[in-house]
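Everything below concerns the one structure shown next.
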Amino acid sequence: MRVLAAALLVALLCLLQGCAKAEKTPKSVVSEAYSLLDKGQRSKAILLLESHLLSNPSDDEGKQLLASAYVGDAGLDVYTLHDAFDDVLFKDPFKDLLRKGPGDLPSAWKAAPVGQTIGDTFLWIDHYLAIIRETAKFLARLPDLAESKWPNVDRALELLDSVERRDLVHYRIMVRVVYLKSFVREKILKFRPVTTQEWLCTLETNDVRDSLRWMLGHLIKASEDLSIVRPSSASGLASLYGKMTAVDEALQAGIGVDEASGVRTGMHEAERELRKLLGCG
Amino acid sequence: MPDGTVCNPAFLPEAAQGALLIRLYLGNGYAAFSTAQQLLYEPISKEFLRSLFEKKNVTSVEANTGMVFTSKYLQGEFSPYRMQYVSEIRNPNYPVVAIHAAVERRLQFSGGLPVEFLSSETDSVTVGARARLLNRRFVHSAFSLVQALSERPNTLIPVKTQTAVFLDPFVGWVHRSEWTYRLSLGVVNVGSGHPSAAEYPDTTDLQLGAGLEIPLPVGRVRVGLDLADVTTASSLDSRVRLGAGYRLANMELMAGYNINSVSAGVTMGSQLIRAGIAYEFSRADYEGESFESKIATELSVHF
């Protein structure tokens with residue numbers, strides 16, 4: 001009798017507590033992922049969230065968490081990103097530099113390739129060198145991404161691009177710019193004396209085109225994001241976006257494929273002619 | 001003591017004598033005190049928001065001061081300042097901070113009367129009611145580090161105010177024998193706040209209490225159980241508040257449990273002045289799974 005009473009009591013408590021074994025809900029998976037990330041267990045969080053997103057592909061919070069885990073795993077610290085981007089994105093020190101014309105020249109001269117006098121030309125060159133200097137100083141502050149971690153960042157950007165949340169737009173821009181800087185450093189500038197004959201002779205134009213198209217793709221997306229966070233700059237960015245898209249289309253058109261060999265002919269032909277011209281061995 | 005005794009207006013006739021009590025309560029983490037004050041009363045800058053992300057993962061502080069007058073059938077309480085602050089930072093890869101800071105002023109009147117025709121020598125039935133007038137100023141928000149830099153502070157952490165009036169009627173039953181048994185049933189939060197705020201649902205609901213007082217050869221033990229939010233809570237666990245206390249002369253040891261925390265404390269003192277210290281081990285208040293420990297001190301002066 002006592003055993004029966006005890007069993008009934010346990011059953012009643014279970015009913016009240018809902019202690020029937022429940023499957024993990026999406027909210028509990030996300031909560032568990034937060035806990036893992038708080039403890040620094042990014043790899044486990046990544047596995048958990050990748051599995052979760054297979055069955056919940058529209059979970060924006062899960063995507064954002066997973067993207068942040070990948071970015072963190074790639075070695076990018078968001079506090080470092082913030083400090084590097086703080087004045088550029090949020091205080092806009094380039095604004096005055098870009099708005100003013102060089103020296104006393106009217107702003108119309110900014111677009112002019114050559115001034116009326118040599119003095120004007122030097123002013124124009126000096127103005128744009130200042131822009132390049134500021135840009136280089138800014139880029140030097142950015143962290144570097146190891147090439148082995150680039151697939152992480154690709155996946156992170158894929159996830160971030162699929163989430164329409166305004167607070168993630170700045171984050172996307174920052175990650176993209178760091179990625180671009182690292183790509184240029186590793187793929188174009190590293191170990192290569194750029195513009196020398198040696199560099200030109202070893203240049204694979206198809207690779208250059210592919211790299212340029214990759215960079216343009218990211219620059220186009222970054223400009224789209226910038227126009228969201230800086231609507232006041234939308235017209236200027238739209239013009240820049242148009243030019244980049246045109247260049248990308250031109251590069252795309254440079255691809256001609258020989259159906260028999262599968263070789264891309266357009267850039268390949270240009271490369272052959274260039275090497276012949278330079279007398280490459 | 002969660003047998004619905006201490007704060008239950010139906011048990012006011014149980015009060016042995018009148019008293020005037022001035023109370024000061026301060027939890028640790030008072031370094032966050034200035035942060036809470038700035039959030040609620042001063043303009044907020046982006047640099048200040050940035051600094052919120054440099055604090056510990058979980059930060060909380062609570063402070064309370066008040067004056068209570070109690071007599072056999074009436075009680076009045078004025079608490080000019082009750083402050084709560086909690087902040088929690090999640091995911092260091094993309095930090096998001098959740099913040100709740102609130103200052104509340106409260107004026108409260110309670111009254112209780114025995115129901116003679118239902119009472120006997122050993123059993124007494126009492127009824128009581130408590131009226132509360134509250135004024136709150138609070139912020140309740142969650143945002144990321146990137147948002148803290150790119151959006152206006154006053155849109156991220158808007159300050160809200162609310163005035164609320166509530167009535168809590170109770171009925172109590174006490175049975176005195178070798179042990180003393182107590183039961184109470186009441187309705188809480190009859191009333192409303194204006195403007196309404198999702199952060200303070202203050203839902204009208206039932207509250208049940210049960211208590212037991214056992215005299216020992218040395219001292220007395222009290223055990224109590226409250227079931228709060230009887231109809232609206234999501235689980236039995238979240239309804240339960242357990243408490244126990246052992247009193248010996250001017251010293252009392254206490255322990256408490258609810259779904260969010262476990263606490264223990266001791267109060268000592270004379271009839272005039274009592275001091276207490278409590279240690280609380282609690283879950284992070286903001287849907288987190290991290291735990292933190294707090295120490296709070298209370299000083300009260302009895303007249």
Side-chain angles (χ1 to χ4, degrees), chain A residues 12-19 27-28 30-42 45-46 61 64-83 85-91 152 156 160 165-175 228-230, chain B residues 45-59 87-98 141-153 155-157 208 225 227-240 259 283-292:
Chain A
L12 179 63
L13 284 172
C14 279
L15 196 64
L16 287 170
Q17 294 247 31
C19 63
K27 193 173 176 183
S28 65
V30 169
S31 180
E32 188 178 343
Y34 267 113
S35 296
L36 289 169
L37 291 170
D38 287 342
K39 293 174 199 165
Q41 296 176 6
R42 280 191 289 258
I46 286 170
E61 190 176 8
Q64 176 251 300
L65 269 183
L66 180 55
S68 71
Y70 275 121
V71 171
D73 198 52
L76 286 185
D77 173 58
V78 68
Y79 292 91
T80 306
L81 284 179
H82 154 253
D83 292 337
F85 279 87
D86 182 29
D87 59 349
V88 171
L89 270 182
F90 307 117
K91 294 174 190 168
N152 287 16
L160 291 172
R165 265 173 47 185
R166 189 185 168 85
D167 63 301
L168 292 180
V169 174
H170 283 107
Y171 188 50
R172 275 204 301 259
I173 293 170
M174 293 195 282
V175 172
I228 294 171
V229 298
R230 291 286 178 89
Chain B
S45 65
K46 289 193 176 185
E47 289 71 27
F48 173 76
L49 292 181
R50 171 74 163 92
S51 70
L52 293 175
F53 290 87
E54 293 164 356
K55 307 219 182 280
K56 290 193 313 181
N57 283 358
V58 179
T59 305
S87 78
E88 185 180 9
I89 303 172
R90 305 302 306 274
N91 188 11
N93 304 291
Y94 187 80
V96 174
V97 68
S141 185
F143 50 90
S144 66
L145 174 66
V146 176
Q147 280 180 294
L149 305 165
S150 57
E151 297 188 27
R152 290 182 184 174
T155 60
L156 281 179
I157 316 184
L208 301 172
L225 166 69
L227 290 179
D229 302 326
V230 170
T231 63
T232 55
S234 56
S235 65
L236 177 64
D237 271 351
S238 57
R239 293 180 176 92
V240 168
I259 194 172
R283 267 177 49 181
D285 299 77
Y286 243 123
E287 297 181 19
E289 295 180 5
S290 55
F291 284 79
E292 63 149 349

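A, B, ... follow the sequence lines: proteins, then strands. Residue 1 opens every chain.
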Where does Phe53(B) contact chain A at under 4.5 Å (heavy atoms): side chain, backbone, both or neither?
-> both
How close do [X] and [Y] get, counting heavy atoms only, and between which atoms?
X: Tyr79(A); Y: Pro95(B); result: OH-CG, 3.4 Å
X: Ser68(A); Y: Tyr94(B); result: CB-CB, 3.5 Å
X: Asn93(B); Y: Gly72(A); result: OD1-CA, 3.4 Å
X: Asn91(B); Y: Leu65(A); result: ND2-CD2, 3.3 Å

Side chain, backbone, both or neither: which part of Leu168(A) has an atom under 4.5 Å from a heavy atom of chain B?
-> both
How long is the gap from NE2 on His170(A) to OG on Ser144(B), to the nearest 0.5 Å?
-> 10.0 Å
Highest number of heavy-atom pairs under 4.5 Å with chain A among Arg50(B), Gln147(B), Glu151(B) belongs to Arg50(B)
